[in-house]
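Here the structure is a predicted model, which means the values were calculated and not measured. Just so we're on the same page: letters track the sequence lines, and every chain starts at 1.
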Protein chains: 2
Amino acid sequence: MTHPLDATFAALADPTRRMILSMLLEDDMAVTDVAAPFEMSLAAISKHLHVLAEAGLISQEKRGRVKWCKLEPDALREASVWMQGFGQFEPVNLDAFERFLVMELTSPDTDP
Amino acid sequence: MTHPLDATFAALADPTRRMILSMLLEDDMAVTDVAAPFEMSLAAISKHLHVLAEAGLISQEKRGRVKWCKLEPDALREASVWMQGFGQFEPVNLDAFERFLVMELTSPDTDP
DNA sequence: GCGATCGTCAACCAGATGGTTGAATATGGG
DNA sequence: CCCATATTCAACCATCTGGTTGACGATCGC
């Protein structure tokens, strides 16, 4: 997996990771707090965060015991630009985004 | 893999598949013609096209012996909307898109 | 009808992915 | 110093992925 877009899209292909990104939209979070709402182990979430960090979608900074996770929205720009080339570029619609976020957050993320 | 966005992003995570989409931007193509520029087998390309079709990114219509592949850019809209929520991205820049396409097309897609 | 062309299917393989558990490494608090 | 907290590491496992090859079913041209 050499092209940066490979890593970006692969990272976005997992619902747990997309959920994490949505959570980080609100505010920076510690790893443990990121993991709290999920049913999987902390180690699994740690791996997911590693994937997101490798893709440049988040950054992580350790302060004391706590590793803080921060959204890096710039990493989405290349992917966004790539995708936009394929459609009729309607203006960005944040209301639609809110709807999708709600859909994501209300749909079962782990296993029903 | 249940959420539609899973399939969309997973399909986009492969450079061969992104290349195919770029090719279909130009015009509809038969499976054999899609496969021509790649070094992998026809069966492999057939699988890639299946993945793209499952994700709704292309449609396929068989006319006679030939199966025509058509880009379905609408399928990118949900993914695009989802992504756009993460940043204030500058207005869509088609020149930038061209640059990325060129990068994709000039960078080795199979194995250097 | 026959042979060539178009495309998929099936079986197989190596390697990546997503999860688990248990041990290990810091760091902070009292 | 000791214990609890925060996070990762290592080993392991099942499943998915992306590729191969060879056989197969359709369809076209003649």
Side-chain angles (χ1 to χ4, degrees), chain A residues 1-21 23-24 28-55 57-70 108-112, chain B residues 1-21 23-24 28-55 57-70 108-112:
Chain A
M1 196 176 288
T2 45
H3 198 291
L5 284 183
D6 293 8
T8 308
F9 284 127
L12 294 176
D14 186 280
T16 301
R17 288 194 288 260
R18 287 201 307 277
M19 178 86 76
I20 291 174
L21 292 178
M23 291 162 58
L24 292 178
D28 301 357
M29 294 179 77
V31 173
T32 305
D33 294 333
V34 169
F38 297 97
E39 284 176 7
M40 69 190 69
S41 69
L42 182 62
I45 296 295
S46 179
K47 283 191 190 179
H48 279 303
L49 290 169
H50 182 73
V51 172
L52 289 170
E54 282 294 304
L57 291 166
I58 68 169
S59 58
Q60 294 183 291
E61 184 198 354
K62 193 164 185 180
R63 282 204 295 271
R65 282 191 291 192
V66 175
K67 200 166 193 177
W68 290 92
C69 305
K70 185 179 187 311
D109 41 284
T110 48
D111 48 279
Chain B
M1 196 176 289
T2 46
H3 198 290
L5 284 183
D6 294 8
T8 307
F9 285 127
L12 295 176
D14 186 280
T16 301
R17 288 194 289 262
R18 286 199 308 277
M19 178 88 75
I20 291 174
L21 292 179
M23 292 162 58
L24 292 178
D28 301 356
M29 295 179 77
V31 173
T32 305
D33 295 331
V34 169
F38 297 96
E39 284 175 8
M40 68 190 71
S41 70
L42 181 62
I45 297 294
S46 179
K47 281 191 191 179
H48 279 304
L49 290 169
H50 182 72
V51 172
L52 289 170
E54 281 293 304
L57 291 167
I58 69 169
S59 59
Q60 293 183 293
E61 183 197 355
K62 194 165 184 179
R63 283 203 296 270
R65 278 190 293 193
V66 176
K67 199 166 193 176
W68 292 92
C69 306
K70 182 181 189 311
D109 41 285
T110 47
D111 49 280

Checklist entry - Using a cut-off of less than 4.0 Å, is there contact between a side-chain N or O of B:K62 and OP1 or OP2 of C:dG7? => result no

Checklist outcome for this item: Out of D:dT8, C:dG18, C:dG7, minimum distance to the side chain of B:K67 belongs to C:dG7

Next on the checklist: Of the listed nucleotides (C:dC9, D:dA6, D:dG19), which one gets closest to any side-chain atom of B:A43?
Outcome noted: C:dC9

Checklist entry - Could you give the distance from CZ (A:R18) to NE2 (B:H3), rounded to the nearest 0.5 Å? => result 5.5 Å

Next on the checklist: Just to be sure I understand the rule, does A:R63 reach a base, reach only the sugar-phosphate, or reach nothing, if contact means heavy atoms closer than 4.0 Å?
Outcome noted: nothing

Item to check | Protein-nucleotide distance (A:H50, atom NE2; D:dA10, atom C1'), rounded to Å | outcome: 14 Å

Next on the checklist: What is the separation between atom CG on B:L49 and atom P on D:dG18, rounded to the nearest whole Å?
Outcome noted: 13 Å

Checklist entry - For the pair made of CE in B:M40 and P in C:dG7, what is the distance, rounded to whole Å? => result 17 Å

Item to check | Distance-only donor-acceptor test (3.5 Å): side chain A:K47, base C:dG19 | outcome: yes

Checklist outcome for this item: In whole angstroms, the gap separating P of D:dT5 from CG of A:D33 amounts to 14 Å

Item to check | Trace of the side chain to side chain contact (heavy atoms under 4.5 Å, CB included) decision for A:F38 with A:H48 | outcome: CA-CA 12 Å; A:F38 297 97; A:H48 279 303; over 6 Å; no

Checklist entry - Hey, is the side chain of B:S41 poking within less than 4.0 Å of OP1 or OP2 on D:dG19, counting only N and O atoms? => result no

Checklist outcome for this item: The residue, A:G64 or A:A44, whose nearest nucleotide of DNA chain C is more 5′ is A:A44

Checklist entry - What integer distance in Å separates B:L42:CG from D:dG19:C1'? => result 13 Å

Checklist entry - Does C:dG18 have OP1 or OP2 sitting under 4.0 Å from an N or O in the side chain of A:R17? => result yes

Item to check | Interatomic distance where CG belongs to B:L52 and P belongs to C:dT8 [whole Å] | outcome: 12 Å

Checklist entry - Would you say D:dT8 has OP1 or OP2 under 4.0 Å from some side-chain N or O of A:S46? => result yes

Checklist entry - To the nearest 0.5 Å, what is the distance between CD1 (B:I58) and CD1 (B:I20)? => result 7.5 Å

Next on the checklist: What is the separation between atom CD1 on B:I45 and atom C1' on D:dT20, rounded to the nearest whole Å?
Outcome noted: 13 Å

Checklist entry - Does the A:R17 side chain pair with the main chain of A:L12, one donor and one acceptor, at a distance under 3.5 Å? => result no

Checklist entry - Which part of the nucleic acid, if any, lies within contact of A:A30, taking any heavy atom under 4.0 Å across all strands shown: a base, the sugar-phosphate backbone alone, or nothing? => result sugar-phosphate

Checklist outcome for this item: Considering only heavy side-chain atoms of B:R65, the closest of C:dA4, C:dT20, C:dC9 is C:dA4

Checklist entry - Among D:dG19, C:dG7, D:dA6, which is the nearest nucleotide to the side chain of B:H48? => result D:dG19

Checklist entry - In whole Å, what is the span from the CG atom of B:D14 to the P atom of D:dT17? => result 11 Å

Checklist entry - Rounded to the nearest 0.5 Å, how far does CH2 of A:W68 lie from CD of A:Q60? => result 12.5 Å

